[in-house]
A.B. asks: 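Pasting a structure here, questions to come.
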Amino acid sequence: MVAENLLGKFLVRDGRTFMITEVEAYDGFEDKASHASRGETPRNKVMFGEAGVWYVYFVYGMHHMLNIVTGAEGYPAAVLIRGIEGISGPARLTKSLGIDWQMNEQKAIHASGLWIEDRGIIIPKNRIERTPRIGVAYAGEEWAGKPWRFCIKDRYLNHDKFSSPENR
DNA sequence: TAAGTGATCTCT
DNA sequence: GAGATCACTTAA
């Protein structure tokens, strides 16, 4: 799965690099927790496009969320970047990196100012925690219960709010 | 634990 | 057009 492989890669923004520590997958037409589950709309159309493109949207009247599109063209899938080294929480992440709607539909390449680098770090399976996704209870048990959230179990990363997943 | 906040989607 | 909802955070 693509989501799991993003752990340990680096998010690069304006010359600053941050290791990705927490992600969630949203996959396919059936996934009731995904914006794509009710068909293509102006907002989610980027999820249906090519992989390697940012999907940024605005929720709760104040927060931007950063996702990377992963599926094949025509198949809606994306990974929500929920946390990076030193920062936990998807909205805090976008806020501190200055990411907003302008990044939506941009490619994750150097020219866009925001991209992902593989520096050869491999996170051992036993340091990866799998849990249900956060904040998607509305999707019903079947989909909200899917263990599609991945984070690095490392008490020395994200120690500020690392225990927040249990709070749900 | 609840309120804040506004874009987006669904239904009139 | 109106009303409900929401892949969250913060302060208490």
Side-chain angles (χ1 to χ4, degrees), chain A residues 1-7 9 11 13 18-72 74-108 114 116 128-153 157-168:
Chain A
M1 201 160 201
V2 181
E4 192 170 4
N5 294 333
L6 281 174
L7 296 178
K9 299 228 175 357
L11 190 64
R13 172 67 163 167
F18 307 88
M19 191 164 87
I20 297 172
T21 56
E22 181 181 352
V23 296
E24 274 178 11
Y26 290 84
D27 185 53
F29 300 90
E30 302 294 312
D31 182 359
K32 293 284 186 298
S34 168
H35 292 162
S37 67
R38 277 182 291 193
E40 187 172 336
T41 69
R43 176 177 64 161
N44 67 20
K45 68 172 186 201
V46 59
M47 288 184 77
F48 291 75
E50 67 175 320
V53 173
W54 297 117
Y55 170 39
V56 178
Y57 66 92
F58 192 65
V59 278
Y60 297 119
M62 44 186 96
H63 302 307
H64 295 276
M65 301 283 114
L66 176 68
N67 302 249
I68 183 80
V69 175
T70 59
Y75 181 87
V79 174
L80 170 65
I81 317 279
R82 290 191 61 89
I84 56 183
E85 190 174 8
I87 302 174
S88 54
R92 298 183 59 207
L93 185 162
T94 54
K95 189 180 172 194
S96 29
L97 298 192
I99 292 164
D100 60 17
W101 57 269
Q102 293 188 38
M103 200 51 71
N104 191 41
E105 299 185 78
Q106 300 273 339
K107 289 186 180 181
L114 181 68
I116 291 172
I128 295 179
E129 183 178 8
R130 275 189 89 143
T131 78
R133 293 172 290 182
I134 308 294
V136 295
Y138 65 88
E141 257 186 53
E142 180 188 357
W143 293 97
K146 292 216 181 285
W148 287 0
R149 169 173 172 270
F150 302 86
C151 62
I152 300 177
K153 278 192 237 178
L157 295 175
N158 286 336
H159 43 72
D160 52 336
K161 265 203 160 178
F162 194 67
S163 57
S164 64
E166 289 84 19
N167 302 345
R168 235 291 176 157

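All chains are named by letter (A, B, ...) in the order of the sequence lines, taking the proteins before the strands, and each is independently numbered beginning at 1. Hydrogens, waters and symmetry mates are skipped; everything else that's a heavy atom, side chains included, is used.
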A.B. asks: Look at atom CZ of Arg38(A) and say whether more than 12 heavy atoms of other residues, nucleotides or ligands are closer to it than 6.0 Å.
C.D. replies: no
A.B. asks: Mind checking what makes side-chain contact (heavy atoms from CB on, under 4.5 Å) contact with Asp31(A), not counting sequence neighbours?
C.D. replies: Tyr26(A), Ala33(A), Ser34(A), Arg133(A), Trp143(A), Trp148(A)
A.B. asks: Please report the C-alpha distance between Leu97(A) and Leu66(A) in whole Å, then the side-chain angles of each, then the deciding distance to 0.1 Å, and finally whether the side chain to side chain contact (heavy atoms under 4.5 Å, CB included) criterion is met.
C.D. replies: CA-CA 11 Å; Leu97(A) 298 192; Leu66(A) 176 68; 5.8 Å; no
A.B. asks: Tell me the interatomic distance from Leu66(A), atom CG, to dT9(C), atom P, rounded to whole angstroms.
C.D. replies: 13 Å
A.B. asks: Over how many whole Å does the gap from Lys32(A) atom NZ to dT5(C) atom P extend?
C.D. replies: 18 Å
A.B. asks: Ignoring backbone atoms, establish whether His63(A) has a side-chain N or O less than 4.0 Å from OP1 or OP2 of dT5(B).
C.D. replies: no
A.B. asks: Which residues satisfy the side-chain contact (heavy atoms from CB on, under 4.5 Å) test with Phe29(A), sequence neighbours excluded?
C.D. replies: Phe48(A), Tyr75(A), Pro76(A)
A.B. asks: Please check this pair: side chain of Glu24(A) against backbone of Ile134(A), looking for a donor-acceptor N/O pair closer than 3.5 Å.
C.D. replies: yes
A.B. asks: Who passes salt bridge (charged side-chain N to carboxylate O under 4.0 Å, His left out) against Glu40(A), sequence neighbours left out?
C.D. replies: none
A.B. asks: Taking only residues two or more places apart in sequence or in another chain, which ones pass salt bridge (charged side-chain N to carboxylate O under 4.0 Å, His left out) with Lys146(A)?
C.D. replies: none
A.B. asks: Tell me whether the side-chain N/O atoms of Arg82(A) come closer than 4.0 Å to OP1 or OP2 in dC8(C).
C.D. replies: yes
A.B. asks: Going by ring centres under 5.5 Å and near-parallel planes (under 30°), is Tyr26(A) stacked on dA7(C)?
C.D. replies: yes
A.B. asks: Suppose the criterion is salt bridge (charged side-chain N to carboxylate O under 4.0 Å, His left out): which pairs have a residue in residues 44-69 of chain A, not counting sequence neighbours?
C.D. replies: Lys45(A)-Glu105(A), Glu50(A)-Lys107(A)
A.B. asks: Measure CD1/Ile87(A) against P/dT9(C) and give the value in whole Å, please.
C.D. replies: 11 Å
A.B. asks: Enumerate donor-acceptor pairs with a distance under 3.5 Å from any side-chain N or O in residues 53-63 of chain A to protein atoms, sequence neighbours excluded.
C.D. replies:
from     : atom 1 : to        : atom 2 : distance (Å)
Trp54(A) : NE1    : Leu114(A) : O      : 3.0
Tyr55(A) : OH     : His35(A)  : ND1    : 2.7

A.B. asks: Enumerate all atom pairs, one protein N or O and one N or O from nucleotides 1-4 of chain C, separated by less than 3.5 Å.
C.D. replies:
none

A.B. asks: Can you tell me which stems DNA chain B forms, taking runs of 3 or more consecutive Watson-Crick or G-U pairs with both distances under 3.5 Å?
C.D. replies: B:1-4 with C:8-11, B:6-11 with C:1-6
A.B. asks: Atom CH2 of Trp54(A) to atom C1' of dA7(C): distance rounded to whole Å?
C.D. replies: 16 Å
A.B. asks: side-chain contact (heavy atoms from CB on, under 4.5 Å) with Asp100(A): which residues, sequence neighbours excluded?
C.D. replies: His64(A), Gln102(A)
A.B. asks: Rounding to an integer number of Å, can you tell me how far Ile134(A) CD1 sits from dT9(C) P?
C.D. replies: 10 Å
A.B. asks: Rounded to whole angstroms, how far apart are CD1 on Ile81(A) and C1' on dC8(C)?
C.D. replies: 17 Å
A.B. asks: List the residues meeting side-chain contact (heavy atoms from CB on, under 4.5 Å) with Thr41(A), not counting sequence neighbours, and say none if there are none.
C.D. replies: Arg43(A), Asn44(A)
A.B. asks: More than 12 heavy atoms of other residues, nucleotides or ligands under 6.0 Å from NZ of Lys95(A): yes or no?
C.D. replies: no
A.B. asks: Contact class for Ala91(A) (heavy atom, under 4.0 Å): base, sugar-phosphate, or nothing?
C.D. replies: sugar-phosphate
A.B. asks: In whole Å, what is the span from the OH atom of Tyr138(A) to the P atom of dT5(C)?
C.D. replies: 13 Å
A.B. asks: Which letters describe nucleotides 6-12 of chain B, given B = protein heavy atom under 4.0 Å from base, S = only from sugar-phosphate, - = neither?
C.D. replies: BSSS---
A.B. asks: Taking the side chain of Arg92(A) as heavy atoms from C-beta outward, which of dC8(C), dA7(C), dT9(C) is closest to it?
C.D. replies: dT9(C)
